[in-house]
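Just so it is clear, the values below take in all heavy atoms, side chains as well, and ignore hydrogens, waters and symmetry mates. We name chains A, B, ... by the order of the sequence lines, and we start the count at 1 in each one.
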Amino acid sequence: MISLTFPDESQREFQPGISGREIAEGISKSLAKKAVAVALDGRLADLSEPITGDAKIEIVTRDDDRALEMIRHDAAHVMAEAVQELYPGTQVTIGPVIENGFYYDFHRNEPFTPEDLPKIEAKMREIIQRDAPFTKEVWSRDQAKAYFRDQGENFKVELIDAIPDGEDVKIYRQGDWLDLCRGPHMPSTGKIGPAFKLMKVAGAYWRGDSNNQMLSRIYGTAWTNEKDLKAYLHLLEEAEKRDHRRLGREMDLFHFQEEGPGVVFWHAKGWQLFQSLVSYMRRRLEDDYDEVNAPQILNKELWEISGHWEWYRENMFQVESAGDDAEDKRIFALKPMNCPGHVQIFKHGLKSYRDLPLRLAEFGVVHRYEPSGAMHGLMRVRGFTQDDAHVFCTENQLADECMKINDLILTTYADFGFDEIVVKLSTRPEKRVGSDESWDHAEEVMTEVLERIAAQSDGRIKTGINPGEGAFYGPKFEYTLRDAIGREWQCGTTQVDFNLPERFGAFYIDSDGEKKYPVMVHRAICGSMERFLGILIENHAGHFPLWLAPKQVVVTTITSDADDYAREVYQRARAAGLRAELDLRNEKINYKVREHSLAKVPVILVCGKREAEEHTVNIRRLGSKDQTALPLAEALEVLGEEAVPPDQRVDRKLAAE
RNA sequence: GCCGGUUUAGCUCAGCUGGUAGAGCAACUGAUUUGUAAUCAGUAGGUCGGGGGUUCGAAUCCCUCAACCGGCACCA
């Protein structure tokens, strides 16, 4: 007999080999009907799976969170069946569950197009209607390979070869169709239900390797019920509304055009936003950093020394004199990074150990020839501005420098309202420079720092490891923040580099009179200012806090009787340091309120006859129908206070003293 | 870079199987003096992404280049 423990802690004895379904039936008919799987010691298994040993058991019903993954997984199988029924000769490959849904990769000479989706979806509904049971079989490796080879399913044969020796080759059948799969599955296709939708077709490389052939991928989403599906589709619509490319156009912040793929045309309001961000960062650097500026183009020799020419040449812009008869035909590179420039500044003049740590910061404009398919609004561009810095320090100073940077990054994110941060350590990649010993050492130091970061945060900051993801010259910390709608963005980075100073022959004179190479720490907080602004635009859906809003206040009138007073309000708002605009157009107040609201101006100060007489303003905030009337002086004081950047707030300055 | 899609007025989009373009908003002009998300009327605006081809005739069909969109790969 085996002993099974139920969620209520009760234990019961059963015959070995009893199935979850039989147990559920023994409890109640209705439970058996709702059940889609069992969880044995927390591991999901088929309802029909014979249970052979003691375990904690749970009957998983369809509305359980864990069942959602099964719904999606089963939907992927059904999609594959539908596709093969509709398009004979299509080969199946893999079809995993992903966040919010599933996909399946197919091989077909003619890739799928969006027009195919409704047909496939209709066929899926038909298959679900058939409600064929999912049944599991265990085949021998040879039998499975022979079967799939006969079917012309070459990708499946490759997958079978990849299954570890000791593992069973499992086959799941649904009606006449079967697939290689490790399971588990729900009892039948009908359990998938109606709440799914095929979303898009896309190309994807076999096994994620761009050397392999491209497959045709179909993405779908699936949910427990129609309400959840609807909610998800609604969320997608909302996310689309806060797309920074759309808001950038609507708010007149920036544009792109064909002649400059991947480079930004910042309009006045966008540039104001950009400058607000730069000013903020600059203030945060004042105490510890020296801001510098290194040249935009440098002889390619320098990039050969740094190693960039070798690793990233394909992604660099090359520059030379354009004149046909020019004598100087040297080749320059438009800088893709700031580090070689900063090393030159460090090298200029002999440095002493007393100069360390030396922290050189630059809002460096860099250009990288990104693959055409990678570009995406402000998020991925070919020309961008890094809030970059390089810290030259001794090994003894390294850990503290990393912690100092950590503090700067976390407090900066907090000022922008990002509190959920993940810090991950990326370790040595396969393609790298430097000895294994120096990597061992760098990783050791950084592992300790990572522990300090976690400990110091009282568990608020999550940490982790990204094996093999480091830069070619050193390991790095990557800082990921989570935005208002739950998306994660990797922004900040701290990279420890034991290689570049030596490559460039950048040394300092130590206290013993010896030449030594400093450790170089590359760090960025926003990463790309352009991308960070894109993130901020989407995070706030264009509705910026007052200190960031490019246009903070519009002063407008009800009738022209109040024009003179409005001019006074406008002047005083400007004098109070607010970025204000005056709108005296002869339009209805409804029209003007609507227009400025669509432009996402945070504050509209309405001046009518009444306000002019009482010397007040009527404040209308973006996103609210409410209005507040305040005496002009008081209103400007309130707004002026609110427009102070977070790092300059009085309370914070007092706390710092 | 790879797969698929898209490209028509400043913006959002119509334009069936080929017969040389249309709407709404915006702009401009005029009227309207208005109390918190669209006042009314009129006017103007397009070598239909670029190039090439098929055809008596191309926004429409074919080729090619480019940009953009969705993925994949990449991201020092």
Side-chain angles (χ1 to χ4, degrees), chain A residues 103 105 108 110-116 199-219 243 245-246 249-250 252 255-262 303 306-316 335-340 366 368-377 379-381 386 429 431-433 469-474 476 490 493 495 497 500 522 527-528 531 556-563 585-599 604-611 618-627 629:
Chain A
Y103 67 78
D105 284 348
R108 186 172 171 235
E110 183 111 344
F112 296 103
T113 68
E115 289 81 69
D116 296 325
M199 304 297 285
K200 54 199 171 197
V201 293
Y205 296 108
W206 168 235
R207 299 191 144 178
D209 184 338
S210 59
N211 297 311
N212 291 341
Q213 66 178 298
M214 181 145 287
L215 305 171
S216 190
R217 174 175 297 180
I218 301 178
Y219 282 95
D243 187 313
R245 293 166 299 188
R246 174 174 168 156
R249 187 172 53 240
E250 288 173 357
D252 193 18
H255 86 269
F256 291 91
Q257 69 187 48
E258 203 166 331
E259 292 81 356
W303 305 102
S306 70
H308 291 99
W309 196 259
E310 187 185 346
W311 301 135
Y312 288 105
R313 197 187 153 179
E314 300 301 310
N315 299 303
M316 286 168 70
K335 70 176 175 183
M337 290 199 80
N338 303 300
C339 30
V366 296
R368 301 176 177 180
Y369 187 83
E370 300 288 356
S372 58
M375 286 181 306
H376 182 92
M379 303 303 191
R380 191 79 181 272
V381 286
Q386 289 181 319
K431 273 179 74 176
R432 60 177 182 268
V433 296
E469 300 280 314
F472 72 83
Y473 47 71
K476 60 184 177 184
Q490 195 254 302
T493 179
Q495 311 180 354
D497 181 356
L500 281 192
H522 310 237
S528 151
R531 178 166 173 271
T556 192
T557 47
I558 309 250
T559 72
S560 53
D561 291 345
D563 282 4
R585 288 176 304 169
N586 174 16
E587 295 287 354
K588 290 180 86 162
I589 189 64
N590 285 297
Y591 182 87
K592 293 197 275 195
V593 164
R594 178 183 149 85
E595 200 175 77
H596 295 124
S597 299
L598 286 175
I604 302 175
L605 297 183
V606 178
C607 302
K609 210 169 165 184
R610 197 156 66 225
E611 286 75 14
N618 193 283
I619 305 176
R620 185 188 165 113
R621 298 275 186 163
L622 177 60
S624 164
K625 281 196 177 2
D626 298 340
Q627 305 144 37

(message) Please give the distance between the C1' atoms of rU43(B) and rG5(B) as a whole number of Å.
(response) 38 Å

(message) How many whole angstroms separate atom CZ of R594(A) from atom C1' of rG35(B)?
(response) 18 Å

(request) Output yes when R245(A) and D243(A) qualify as a salt bridge under the 4.0 Å nitrogen-oxygen rule, no when they do not. (result) yes

(message) On RNA chain B, compare the nucleotides closest to E595(A) and K625(A); which residue's is nearer the 5' end?
(response) E595(A)

(request) Sticking with atom C1', work out how far rC69(B) lies from rU12(B), rounded to a whole angstrom. (result) 16 Å

(message) Partner lookup for rA27(B), please. Criteria are Watson-Crick or G-U wobble with both distances under 3.5 angstrom; report none if nothing qualifies.
(response) rU43(B)

(request) Starting at atom CD of E611(A), determine the distance to atom C1' of rU36(B), rounded to an integer number of angstrom. (result) 11 Å

(request) Check the distance between rA27(B)'s C1' and D252(A)'s CG and give it to me in whole angstrom. (result) 15 Å

(request) Would you indicate what Q386(A) reaches in the nucleic acid, counting non-hydrogen atoms under 4.0 angstrom: base, sugar-phosphate, or nothing? (result) nothing

(request) Quickly work out the R585(A) CZ to rG35(B) C1' distance and round it to whole Å. (result) 17 Å

(message) Can you tell me the base-pairing partner of rG18(B)? Count Watson-Crick or G-U wobble geometry only, both distances below 3.5 Å, and say none if there is no partner.
(response) none

(message) Distance check needed: rG1(B) P versus N211(A) CG, whole Å only.
(response) 17 Å

(request) Give, for atom NZ of K588(A) and atom CD1 of I558(A), the distance between the pair rounded to the nearest 0.5 Å. (result) 11.5 Å

(message) Whether the N315(A) and E370(A) side chains hold a donor-acceptor pair (N or O, under 3.5 Å, no angle test) is what I'd like checked.
(response) no

(message) Say we look at rG53(B) and rA41(B): how far apart would their C1' atoms be, to the nearest angstrom?
(response) 48 Å

(request) Establish, from distance only, whether the side-chain atoms of H308(A) and E310(A) form a donor-acceptor pair under 3.5 Å. (result) no

(request) Report the distance from atom OH of Y591(A) to atom P of rC25(B), rounded to the nearest whole Å. (result) 10 Å

(message) Between E115(A) and L598(A), which residue's closest nucleotide on RNA chain B lies nearer the 5′ terminus?
(response) E115(A)

(request) Please determine if a side-chain N or O atom of N590(A) lies less than 4.0 Å away from the OP1 or OP2 oxygen of rU36(B). (result) no

(request) Write down the distance separating the P atoms in rC25(B) and rU17(B), rounded off to the nearest Å. (result) 29 Å

(message) Check whether R108(A) reaches the backbone of E110(A) with its side chain - one donor and one acceptor, N or O, closer than 3.5 Å.
(response) yes

(request) For the residue pair Y312(A) and F472(A), categorise the inter-ring angle as parallel (less than 30°), tilted (30 to 60°) or perpendicular (more than 60°). (result) tilted

(message) Less than 4.0 angstrom between a side-chain N/O of R246(A) and OP1 or OP2 of rU12(B), yes or no?
(response) no

(message) Within 45 degrees of the ring normal and closer than 6.0 Å to the centroid, is that where the cationic atom of R207(A) sits relative to Y205(A)?
(response) no

(message) My understanding is that a pair needs two contacts under 3.5 Å, Watson-Crick or G-U wobble. By that rule, which nucleotide pairs with rG57(B)?
(response) none

(request) Could you please name the partner base of rA66(B), counting Watson-Crick and G-U wobble pairs only when both distances are under 3.5 Å? (result) rU7(B)

(message) If I pick the P atom on rC16(B) and the same atom on rC62(B), what distance separates them, to the nearest angstrom?
(response) 14 Å

(message) I'd like to compare against my own output: the B/S/- annotation of nucleotides 65-76 of chain B with a strict under-4.0 Å heavy-atom distance to protein.
(response) -BSSSBBBBBBB

(request) In whole angstrom, give the distance that lies between atom CZ of R108(A) and atom P of rC3(B). (result) 16 Å

(request) Assign R610(A) to base, sugar-phosphate, or nothing according to its heavy-atom contacts below 4.0 angstrom with the strands shown. (result) base

(request) Mind calculating the distance between CD1 (I589(A)) and C1' (rG35(B)) to the nearest angstrom? (result) 7 Å

(request) Classify the nucleic acid contact of K609(A) as base, sugar-phosphate or nothing, counting any heavy atom under 4.0 Å across all strands shown. (result) base

(message) Which nucleotide, if any, forms a Watson-Crick or G-U wobble pair with rG35(B), using both distances under 3.5 Å?
(response) none

(message) Rounding to an integer number of angstrom, what distance separates rU8(B) and rC3(B) when you compare their C1' atoms?
(response) 26 Å

(message) Let's test your reading of the model: under 3.5 Å, does the base of rU36(B) pair with the side chain of N618(A) as donor and acceptor?
(response) yes

(message) Taking only the P atom of each, what is the distance from rU54(B) to rC11(B) in whole angstrom?
(response) 34 Å

(request) Quick one: pull up CD1 in I604(A) and CD in E595(A) and give me the separation to the nearest 0.5 Å. (result) 10.0 Å

(request) Determine the Euclidean distance between corresponding C1' atoms of rU60(B) and rC48(B); express it in Å to zero decimal places. (result) 10 Å

(message) Using Watson-Crick or G-U wobble geometry with both distances under 3.5 Å, which nucleotide pairs with rC72(B)?
(response) rG1(B)

(request) For Q257(A), look at atom CD and say whether over 12 heavy atoms of other residues, nucleotides or ligands are found less than 6.0 Å away. (result) yes

